[in-house]
Amino acid sequence: MSNLPYEPARIEPKWQAFWEEHQVFAARPDASRPKYYCLIEFPYPSGAGLHVGHPRSNTALDIIARKRRMEGYNVLYPIGWDAFGLPTENYAIANSVHPAKVTRDNVNHFRRQLKRLGFSFDYSREVDTTDPSYYRWTQWIFLKLYEHGLAYKAEMPINWCPRCKIGLANEEVVAGMCERCGHQVTHKVKNQWMLAITRYAQKLLDGLDTVDFIEPVKAQQRNWIGRSEGCEADFAIAGTGEALRVFTTRPDTMFGATYMVLSPEHPVIERFAQRIENIRDLRAYREQAAAKSDFERAEMQKDKTGVEVVGLKAVNPATGKEIPIWVSDYVLMGYGTGAIMAVPGHDERDWEFAKAFSLPIVEVVAGGDVTQQAYTEIDDGVIVNSGFLDGLSVKQAQEAMIAWLEQRGLATRKINYKLRDWVFSRQRYWGEPIPMVHCPVCGVVPLGEDQLPLLLPDVESYEPTDSGESPLAAITDWVNTTCPRCGGPARRETDTMPQWAGSSWYFLRYCDPHNSRAFASQEALDYWMPVDWYNGGMEHTTLHLLYSRFWHLFLHDIGLVRAPEPYARRTSHGMILGENGEKMSKSRGNVINPDDLVDEIGADAFRVYEMFMGAFDQAIPWSMSGARGARRFLERVWRLQEMLSGPEDAFSPGLRVLINQSIKKVGEDYERMKYNTAIAQMMTLVNAFYEQGGVSAGDLKALLLLLSPVAPHLCEEIWLAQGFGGYIHEQAWPSYDEAYLVDDAVEIAVQINGRVRARIMVPSDLGREAGEELVRHAQVAPLLEGKQLVKCIYVPGRLLNLVVK
RNA sequence: GCGGACGUGGCGGAAUGGCAGACGCGCCAGACUUAGGAUCUGGUGCCUCCGGGCGUAAGAGUUCAAGUCUCUUCGUCCGCACCA
């Protein structure tokens, strides 16, 4: 056996079949053992097949899952398919195949590819978001959201391609252009389903303090939610008895508000259309702004445009003076109140606008030169030209101004968030049907829970209609239905849910994937949740990760899940780039196909290379020769079988310290996702085995146990072939002996004034005080000849630094 | 502009304030072999008058000691972006 060459093509399929046949990785609830839930983002089964990026995340958590099992945990490491989505639908349109068939084929392809890599997934718990037995519960959760007032309909602008005449998802808009035809994307207002995620803004923010997420994820989510504290204040509209409400974070600068700006869509414009002398200009400006794409708006950023509202004036409540009102597209209807008080002296945008239209600029915070640029410093500014606020610091003035306004009923404290409500409608076929009916008598009526799942009907064509409606709108016998409330004729909602719907709760379904009475049993949820470790891409931080936290917080609030937060720990992997350092893509011709790689070097070497290639959280270019190096390492491990002699239960004396160090380091490195240094340590260990010229069975066993989470097939094979007893996946994770982490004697550096001048061997237990005696050491004393010793620093086991004159 | 990550050999990268470059790739030399993308051995930061000197984007500082800590400057990548 030991003379056979290392042949992954023979070994790997054998062990994959063994694991499957014996259901080694099937997770079963077991109250007697602690549970551990490892999760990777379930893949979108694209037609292109597995990308080398998938195994990076999968292997990383496979290592954790396998290590946890060896540590005695009951591990859940599931896999599934996030299978609704546009590429499948577009492929179906182009090739006239049913998207369900495309999905089935792609899933089969993906599953086969994943199985070849030997991940310890529990395939008996597979979920598929396009399966009616799954999306039934996606629809059910939507009904719950609706029931609790978190799903509502609203007129919302969507991305619109005027050439294709269809609505586009954000993902389909590339640099402001239509992904399909390249035309500029504009906006069109449509009635859309929305989810009120903004009502959870504070909870989403607070929850971040309770979870172990890597810092960049927390920072990005906080940034995205964008909390800002300030107040809303009323500016009277002269001669009308009405007021314009603004949001500001700088009430301290109110004396410097020399004009107001409204968003072009602000309702006050139409309300006072009769009084406004240039209403036509304002309407024209509004239409022009609406036709602009986001891309164009961003391009225009430098040049402020706007129109004065002639015939209306506002009153600055601080100064009592009348100030002009302008309209400009730099004020957004979607944030705050859609109106601002402009303080050109202390806000860059207002300053530019004031310069462009020759509006007055007043300095109210001293310290800058407001004729040259806006002075926005808040930490050491002093208020001037501001009546009763003069002389106060910015911070003091903020409080004083709010108090003053509150007393007069002109302002209230207010917290705003940048986070927007979630547009939950897509005018598409391949998504979950929204279980709602439009009744001419009762209005919008939800389907009863007993009506679920609302199945996606077969259609002739998956093309969106000319009007931008979903293809479902054309299926009259599906659309026409009866109202669940009054029984009269009614129409079904024809929009479908976005791809983010199914992925917002899939980790809950994994706990109890075949349950037909609930999305998961309370018992299963209580046992498995929360997810202990979730790894995924940074690109999902502000969409999927935030959305799924929102759904989970909601399910917690209505008593369906125990903990508020679904994920205890979140980490992220870096992208794998092509050999040329560019993103892998078909068009760049730098794609590495995982199947080819398994054929060439084997799954274990593939896994080792992906973990060894660099820091786990960083983007890194592929290297084919580096991958072959991983294969070479495993060959060396394999050949250790030829140099095996000695007892099974003991380490070779000369290797005892290194093996103990390796057990400690590899275990700790896995936990910190420092896979590259863990593997480097094992390479060092193997090099030492070769230098010694032979290994004991005990040495080899230790190495195999450490390596088995990364290269499981190879380690199972050697373990079995050498008759080490049982299977390696049943073994306990090795422990190390503190007493053998350092050698009896260590080499230290001797420095003179910080420069290394000698190396000497000293007992490793030599204390800091005793170390100072080393100045009399035979190799040290000569270095001090003719010099005066000023200071002596001995760092045990490290170095001796002698400061001399 | 705001937020985040980062800058170390030819390349990927190591380094609780304590011997910079572990480990791997590549390259060089040799061994074995009827040239093979196999394996093994040795070497591989730069300069050198062979004593040593210089080296972690640049500059300053703290320290017995700085890749690591502090400040300044330059540069790269990612996310958000007219958010009042």
[N] pairs with which nucleotide, Watson-Crick or G-U wobble, both distances below 3.5 Å?
N     : value
B:G24 : B:C11
B:C80 : B:G1
B:U63 : none
B:A35 : none
B:C6  : B:G75
B:C46 : B:G53
B:A29 : B:U41

Side-chain donor-acceptor pair present, [X], [Y], cut-off under 3.5 Å:
X      : Y      : value
A:H573 : A:N535 : yes
A:Y330 : A:D350 : yes
A:Y335 : A:S228 : yes

Ignoring the backbone of [X], work out which of [options] is nearest its side chain.
X      : options             : answer
A:A219 : B:C23, B:G3, B:G13  : B:G3
A:T684 : B:A65, B:A84, B:C23 : B:C23
A:R632 : B:C80, B:A14, B:A38 : B:A38
A:Y330 : B:A5, B:C82, B:G24  : B:C82
A:M683 : B:A84, B:G24, B:G18 : B:G24
A:T677 : B:A84, B:U39, B:A22 : B:A22
A:P621 : B:C80, B:G12, B:A22 : B:G12

Can you tell me how far [atom1] in [N] sits from the matching atom in [M], rounded to whole Å?
N     : M     : atom1 : result
B:A66 : B:A58 : P     : 15 Å
B:C49 : B:A15 : P     : 36 Å
B:U73 : B:C78 : P     : 23 Å
B:C11 : B:G79 : P     : 26 Å
B:G59 : B:U68 : P     : 13 Å
B:A38 : B:U33 : C1'   : 10 Å
B:G7  : B:G67 : C1'   : 11 Å
B:U41 : B:C47 : C1'   : 29 Å

For A:E215 and for A:G334, find the nucleotide of RNA chain B with the closest heavy atom, then tell me which residue's nucleotide is more 5'.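 Nearest nucleotide further toward 5': that of A:E215.
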
Along RNA chain B (nearest heavy atom to each residue), the more 5'-positioned of A:I793 and A:Q681: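 Its nucleotide being nearer the 5' end, the pick is A:Q681.
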
Residues forming a salt bridge (charged side-chain N to carboxylate O under 4.0 Å, His left out) with A:E41, sequence neighbours excluded: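 For A:E41 the salt bridge (charged side-chain N to carboxylate O under 4.0 Å, His left out) partners, ignoring immediate neighbours, are A:R570.
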
Quick one: label [X] by what it contacts on the DNA or RNA (base, sugar-phosphate, nothing), any heavy atom closer than 4.0 Å.
X      : value
A:V795 : base
A:N687 : sugar-phosphate
A:I620 : sugar-phosphate
A:R757 : sugar-phosphate
A:R227 : nothing
A:N223 : base
A:E600 : base
A:G629 : sugar-phosphate
A:R755 : sugar-phosphate
A:S328 : nothing
A:A615 : sugar-phosphate
A:R222 : nothing
A:E348 : nothing

For nucleotides 45-50 of chain B, 5' to 3', base contacts (B), sugar-phosphate-only contacts (S) and non-contacts (-) with protein non-hydrogen atoms under 4.0 Å give ------

Donor-acceptor pair under 3.5 Å: do we get one between A:K418's side chain and the base of B:C80?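 Answer is no: no donor-acceptor pair is held.
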
Any carboxylate oxygen within less than 4.0 angstrom of a Lys/Arg side-chain nitrogen, looking at A:R672 and A:E668?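 A salt bridge is absent here (no side-chain N lies under 4.0 Å from a carboxylate O).
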
Are the charged groups of A:K395 and A:E399 less than 4.0 angstrom apart, N to O?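 A:E399 and A:K395: not salt-bridged.
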
Between A:W224 and A:Y417, is the gap from one ring center to the other below 6.0 Å?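 No: the rings miss the under 6.0 Å criterion.
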
Is the backbone of A:Y375 close enough, under 3.5 Å, to the side chain of A:H346 for a donor and an acceptor to pair up by distance?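 Looks like yes, one N/O pair under 3.5 Å.
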
Taking only the side-chain nitrogens and oxygens of [X], find out if one of them lies under 4.0 Å from OP1 or OP2 of [N].
X      : N     : answer
A:N676 : B:G24 : no
A:R798 : B:G17 : no
A:S228 : B:A84 : yes

Test side chain to side chain donor-acceptor pair (under 3.5 Å) on A:Q681 and A:S662 and set out the steps. CA-CA 6 Å; A:Q681 182 69 29; A:S662 298; 3.0 Å; yes

B:C82 P sits how many Å from A:H266 NE2, rounded?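 Atom-to-atom, A:H266 to B:C82, this comes out as 19 Å.
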
Calculate the interatomic distance between A:K674 atom NZ and B:U16 atom C1'; express it in whole Å.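 For the pair A:K674 NZ and B:U16 C1', the rounded distance is 12 Å.
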
Could you tell me if the side chain of A:S263 sits less than 4.5 Å from the side chain of A:V327, heavy atoms only?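 A side-chain contact is absent here, since even the closest heavy-atom pair is not under 4.5 Å.
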
Between A:R636 and A:Y690, is NZ or CZ placed under 6.0 angstrom from the six-membered ring centre and within 45° of the ring axis?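 Pair A:R636/A:Y690 counts as cation-pi.
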
